[in-house]
Amino acid sequence: MTADQYRRVRDLFEAAVEREPEHIRSWVAREAADDAAVRDEVLSLLDHHSRAGAFLSQAIVEAVPDLLADEPLAADTKIGPYAIVRELGRGGMGRVYLARDERLGRTVALKALAPHLVRDANQRERLKREARAAALLTHPGICTVYALEEFDGDLFMASEFVDGRTLRAEIAAGRTPSIPTIVATVRELGEALASAHRRGITHRDLKPENVMRTADGRVKILDFGLARVDAESAGAGSTFAAATLPGVLLGTPAYMAPEQLEGKPADARTDVFAYGVLIYEFICGVHPFEAGTALARAARVLDSEARPLDERRRDVPAAIAAVVDRCLRKQPADRYASAVEIVASLDRHGPVKSPRRNIVWWRLHQLTVIGLYFLAASVAWKIKEMRGNAIALWLFVTLCLIAAFVGIIRGHLVFTERMNQPRLAGERKRTDRARLAADLLIAAAVVIDGLVLAPITPLGGSLTMALGIAIALAAVLMEPATTEAAFGD
Amino acid sequence: MDPVDLDALAPRVYDELRRIAAAYMRRERPGQTLQATALVNEAYLRLAGAGTPWHDKQHFVGIAARSMRQILIERARARGAQKRWAGLDRVSLSESLAVAGDPEAMLPALDDALERLARIDAEQARIVELRYFAGLSIEETADALGISPATLKRRWALARAWLFRELTS
């Protein structure tokens with residue numbers, strides 16, 4: 001479009017917006033009859049003008065006030081006794097920094113609370129009260145709050161610095177956690193939450209972003225004593241209202257319980273719901289009420305049931321599936337009264353069998369059998385060399401082929417168990433018969449080899465036959481036993 | 001506006017605007033909104049008194065609007081606006097824009113669109129800076145650009161329609 005054409009478009013558009021809407025199109029068509037490009041451009045702009053709604057109607061600083069004021073602190077900035085080292089992250093509550101407490105010479109996480117939280121004196125008081133309560137929580141599974149301090153009108157919360165990554169990052173990485181990791185996570189989180197509930201302290205914003213896994217594999221809940229104030233200041237009702245706007249992606253209430261979405265008061269049972277959602281998502285990587293938009297998800301939280309956890313992942317211990325199921329009930333009264341009951345329920349199901357110890361036998365079995373294949377193949381080689389006849393040669397070739405085939409299958413199973421556990425049950429089932437058949441064939445070949453060898457050295461022949469029988473017994477007796485110990489089937 | 005002038009002065013305007021905004025955020029009462037124009041005015045009063053070489057207030061307002069645009073876009077980018085923007089599909093995108101749903105998310109895209117608009121019609125882009133980023137009223141914007149409020153209103157409508165189309169297509 002040339003500059004002249006653009007000027008014409010502009011003038012026509014400006015004249016058209018002043019006219020009666022019903023006559024605009026025909027008017028534009030008449031005015032720009034000689035230039036279709038100009039006409040189409042004007043009509044397109046008029047069309048978008050009519051659909052633009054509130055677009056750009058409120059100055060951005062007024063629409064998002066914290067955008068301008070939200071200035072990160074530079075390294076070495078002194079905040080009271082704290083010296084900023086670097087920024088760790090940023091959330092709805094404000095920015096979090098790694099800082100050094102110069103009085104005590106220790107490293108802390110320093111959270112600069114967003115100005116909207118500290119504006120109001122009542123809110124400030126409540127925050128302080130919450131922080132004092134949270135500071136009483138000393139549990140290995142809870143990030144310890146040290147102090148809530150005010151410097152120059154701004155509130156800062158100093159807490160233990162937890163080095164690690166959040167469960168959100170783990171979920172996003174897409175690797176399915178192993179059963180031992182799940183069992184440990186479910187229990188550690190349950191116990192940490194229970195220790196707070198026992199003191200009457202609720203979290204109210206439990207979500208994967210708020211749970212850290214430290215370098216040594218333990219989990220810690222962050223932000224006790226903060227979320228509650230935030231939720232109240234925003235007002236559960238208004239948060240939901242915001243979530244109903246199409247495409248609005250402010251801190252989505254993804255972990256809110258039905259009663260929170262309805263604006264009713266929250267208590268420990270609300271945490272129980274969030275715990276259920278979190279564990280569910282951690283185990284299978286999908287939010288139990290997954291839906292395209294925040295609104296659709298909220299609607300599902302309110303009135304549709306989550307697909308049972310053990311349908312998504314069959315190898316999840318029944319006790320855990322049952323706990324999650326009960327956490328996700330719509331009615332608070334149907335859930336556990338607090339995390340204390342979750343822990344009690346986990347205990348009642350007996351310490352969830354730690355599959356780690358049992359699976360070791362299964363792995364050992366797989367690796368030993370692979371070792372036996374090598375032994376059988378080298379024995380067959382030796383016999384072929386000693387006898388040098390066609391039978392021994394064919395036995396050796398057959399044995400090698402079958403052993404390579406079934407050895408690879410077993411290696412694949414061990415790998416799947418380590419790296420891709422959810423598929424293990426299926427893979428085992430798929431290869432069950434093939435493994436048994438292959439083992440028996442190998443055993444038969446070795447026994448025949450023993451018979452071939454016996455005329456030369458009776459002792460060698462007997463030992464070879466014994467090896468064949470051992471392979472057969474391992475397949476028939478030991479494999480089912482180690483499998484049952486590891487997977488319960 | 002002299003671009004050399006702008007480059008030299010913009011950082012001071014930046015700093016002043018940020019400082020004032022942070023102070024506003026702290027003392028603000030709930031329910032009260034931050035007035036972008038008040039911010040620009042206060043920055044002007046502070047800097048004009050300090051013997052800075054503004055030609056006049058209009059000149060200052062132009063620089064302030066450009067600075068606001070830069071600061072806010074920068075900040076929105078730092079806060080991951082593009083990612084949220086990319087997460088919106090076409091339908092929810094146009095709905096979201098029409099209800100001014102998540103204005104922060106659209107800022108980087110708006111910035112790019114404004115660059116394109118400035119190449120076609122520089123005045124249109126300045127109108128958007130003054131209205132949207134500095135929060136000036138129709139009258140103030142018309143005054144800053146030396147055109148009549150009625151003309152300004154129509155040009156603003158054109159700029160909005162053009163940008164809306166850019167962002168939704």
Side-chain angles (χ1 to χ4, degrees), chain A residues 1 3 6-7 9-18 41-42 44-72 87 90 114-116 118-120 122-123 152-155 233 242 245-250 292-293 295, chain B residues 17-18 21-30 33-37 39 68 71-72 75-76 78-79 84 87-89 91-105 107 110 120-121 124 128 131-136 151 154-155 157-165 167-168:
Chain A
M1 185 162 289
Y6 171 74
R7 262 194 299 283
V9 167
R10 188 184 73 181
D11 295 343
L12 282 176
F13 176 91
E14 290 181 0
V17 287
E18 308 265 282
E41 176 72 358
V42 173
S44 157
L45 286 168
L46 285 169
D47 174 47
H48 283 90
H49 175 253
S50 68
R51 288 196 282 126
F55 178 62
L56 300 188
S57 61
Q58 190 185 21
I60 181 68
V61 177
E62 286 153 31
V64 192
D66 67 323
L67 197 56
L68 190 60
D70 179 28
E71 178 78 0
E87 188 180 326
R90 186 187 177 284
H116 71 90
V118 300
R119 220 174 275 145
D120 173 84
N122 285 333
Q123 219 163 339
D152 198 18
D154 288 321
L155 277 184
S233 71
L245 291 174
V248 175
L249 295 169
L250 50 96
T293 64
L295 175 61
Chain B
L17 285 169
R18 281 176 178 162
Y24 257 79
M25 291 297 296
R26 273 203 293 274
R27 55 173 195 257
E28 202 195 344
R29 303 273 109 204
T33 52
L34 179 64
Q35 294 288 327
T37 5
L39 212 71
M68 294 278 263
I71 301 171
L72 295 167
R75 195 56 54 76
R79 285 171 33 157
R84 285 192 317 222
L88 293 171
D89 60 63
V91 177
S92 49
L93 191 144
S94 99
E95 278 172 10
S96 167
L97 288 179
V99 298
D102 187 358
E104 186 181 333
L107 284 182
L110 180 68
I120 300 172
D121 187 342
Q124 294 267 331
V128 177
R131 291 278 290 138
Y132 190 63
F133 290 99
L136 264 55
T151 308
R154 292 193 297 266
R155 303 250 151 108
L158 176 58
R160 277 181 66 224
W162 196 91
L163 289 169
F164 187 72
R165 186 178 64 184
L167 293 189
T168 51

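The model shown is predicted, which means the values in this text are computed figures rather than measured ones. Quick note on labels: first sequence line is chain A, next is B, and so on, each numbered from 1.
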* Structure fact -> If one checks every heavy atom of B/R160 against chain A at 4.5 Å, the contacting part turns out to be both

* B/L167, part contacting chain A, at a heavy-atom distance under 4.5 Å -> side chain

Between atom [atom1] of [X] and atom [atom2] of [Y], what is the distance when rounded to the nearest 0.5 Å?
X      : Y      : atom1 : atom2 : result
A/M1   : B/I120 : CE    : CD1   : 9.0 Å
B/T168 : A/R51  : OG1   : CZ    : 6.0 Å
B/Y132 : A/L56  : OH    : CG    : 5.5 Å
A/I60  : B/M68  : CD1   : CE    : 10.0 Å
A/L12  : B/L158 : CG    : CG    : 11.0 Å

* Can you tell which part of A/E41 gets under 4.5 Å to a heavy atom of chain B, answering side chain, backbone, both or neither? => both

Under a 4.5 Å heavy-atom cutoff, which of [options] has the most pairs with chain B?
options                   : result
A/H49, A/E14, A/E18       : A/E14
A/A15, A/S50, A/S44       : A/S44
A/A54, A/A52, A/G53, A/A3 : A/A52

* Any side-chain heavy atom of B/R154 within less than 4.5 Å of one from A/R10? -> no

* Heavy-atom pair count under 4.5 Å with chain A, highest-scoring of B/A134, B/P103, B/G135 -> B/P103

* Structure fact -> Applying ring-ring contact (aromatic ring centres under 6.0 Å, His included) to B/F164 and not counting sequence neighbours gives A/F55

